[in-house]
Amino acid sequence: MLHIGCHLSTTGGFLKMGETALSIGADTFAFFTRNPRGMKAKPVDPDDAAALRALLQERGFAALVAHAPYTMNACAAKPELRELAHTMMADDLKRMEYLPGNFYNFHPGSHVKQGAEQGISYIAELLNDVLTPEQHTTVLLETMAGKGTEVGRSFEEIRAIIDAVSLKDKLGVCLDTCHVWDAGYDIAGDLDGVLDTFDRVIGLDHLRAVHLNDSMNPCGAHKDRHAKIGEGCIGFAALQRVTCHPALCGLPFILETPNDLDGYADEIRRLRGK
Ligand code: FE
Ligand code: FE
Ligand code: ZN
């Protein structure tokens with residue numbers, strides 16, 4: 001069965017997100033661990049978290065894919081910004097322990113002209129500081145479109161980060177279909193070839209989740225503008241093939257398309273082939 005959901009607002013709390021997910025036919029979802037464009041985090045309500053845990057189990061949800069704030073830059077040039085990334089991720093992982101067994105996805109960062117190699121080493125340094133053998137969350141590196149000085153624009157860059165991290169069993173990859181397409185991987189014309197490359201460079205065993213988005217721009221554009229499924233350059237058929245591919249079909253798929261809840265419900269229904 002296809003495990004699919006979308007990004008949901010945390011406004012009503014944890015249980016509310018679970019109920020909203022069910023109401024749109026989802027069996028997984030994503031949410032921001034704190035203000036995506038700031039750093040503020042609401043304190044976790046343990047009872048609300050327990051209520052969501054019970055619902056997830058009772059209704060057989062797949063793993064959730066929480067998303068770190070966009071403001072977190074593990075490879076910023078300013079030491080105080082790298083320190084802030086450190087503080088935010090460590091705190092987010094503590095909060096994620098209220099929902100054990102799920103994923104925490106983050107953008108590796110932007111090296112802001114320090115070079116990818118320096119960026120990669122800062123990102124690995126942060127992960128080596130923050131990951132602990134005791135944590136019940138797998139941290140995911142998101143594949144990026146290569147906008148500006150983003151790190152993670154190629155499978156090789158993702159691999160280089162993984163290589164430099166010691167606790168590899170706490171680390172995985174989230175493949176964003178819009179981002180890899182914009183980075184120049186032709187998942188519409190040659191999905192098998194792209195996944196073979198992923199397997200050769202990173203290893204498909206590291207792939208733990210997929211962000212399912214169409215792209216407003218052609219392959220290789222390095223733009224990162226998400227489109228609704230079937231309304232962009234990748235297209236519905238190609239994205240449905242992604243969800244059915246034997247190497248991917250068991251993973252949680254998260255829609256981050258420009259939609260309201262009705263739009264998400266419709267995308268989920270169509271991708272489920274109903
Ligand atoms: Fe993202
Ligand atoms: Fe994404
Ligand atoms: Zn994006």
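Numbering of ligands and ligand atoms starts at 1, following listing order.
Aromatic rings from Tyr264 and His7 are positioned such that their centres are separated by 6.0 Å or more. Remark: aromatic rings of Phe155 and Tyr185 are close, center separation under 6.0 Å.
With a 6.0 Å radius and a threshold of 12 heavy atoms from other residues, nucleotides or ligands, Lys94 has its NZ atom at or below the threshold. Annotation for Arg225: atom CZ does not count as buried by contact number, only 12 or fewer foreign heavy atoms lying within 6.0 Å. Summarising the local packing, CD of Glu80 is surrounded by more than 12 heavy atoms from other residues, nucleotides or ligands at distances under 6.0 Å.
The Fe ion (ligand 1) does not have His179 among its coordinating residues (no N/O/S atom, backbone or side chain, under 2.8 Å). Inclusion of His211 in the first shell of the Fe ion (ligand 2) is supported: an N, O or S atom falls under 2.8 Å.
Salt bridge absent: Asp196 and Arg200 never bring a charged side-chain N and a carboxylate O closer than 4.0 Å. With salt bridges taken as basic N to acidic carboxylate O contacts below 4.0 Å, one links Arg272 and Asp27.
Take the N/O/S atoms of Glu256: the one nearest the Fe ion (ligand 2) is OE1. Between the Fe ion (ligand 1) and the N, O or S atoms of His67, the shortest distance is to NE2. Closest to the Fe ion (ligand 1) among the N, O or S atoms of His107 is NE2.
Here the angle at the Fe ion (ligand 2) defined by OD2 in Asp176 and OE2 in Glu142 stands at 90°, rounded to 10 degrees.
For the Zn ion (ligand 3), the neighbouring protein N/O/S atoms at less than 2.8 Å, given as residue and atom, are His179 NE2, Asp224 OD1, His226 NE2.
Asn213 contributes no side-chain N or O that, together with a main-chain N or O of His179, makes up a donor-acceptor pair within less than 3.5 Å.
Between the side chains of His222 and Asn217, no donor-acceptor pair is found at a separation under 3.5 Å.
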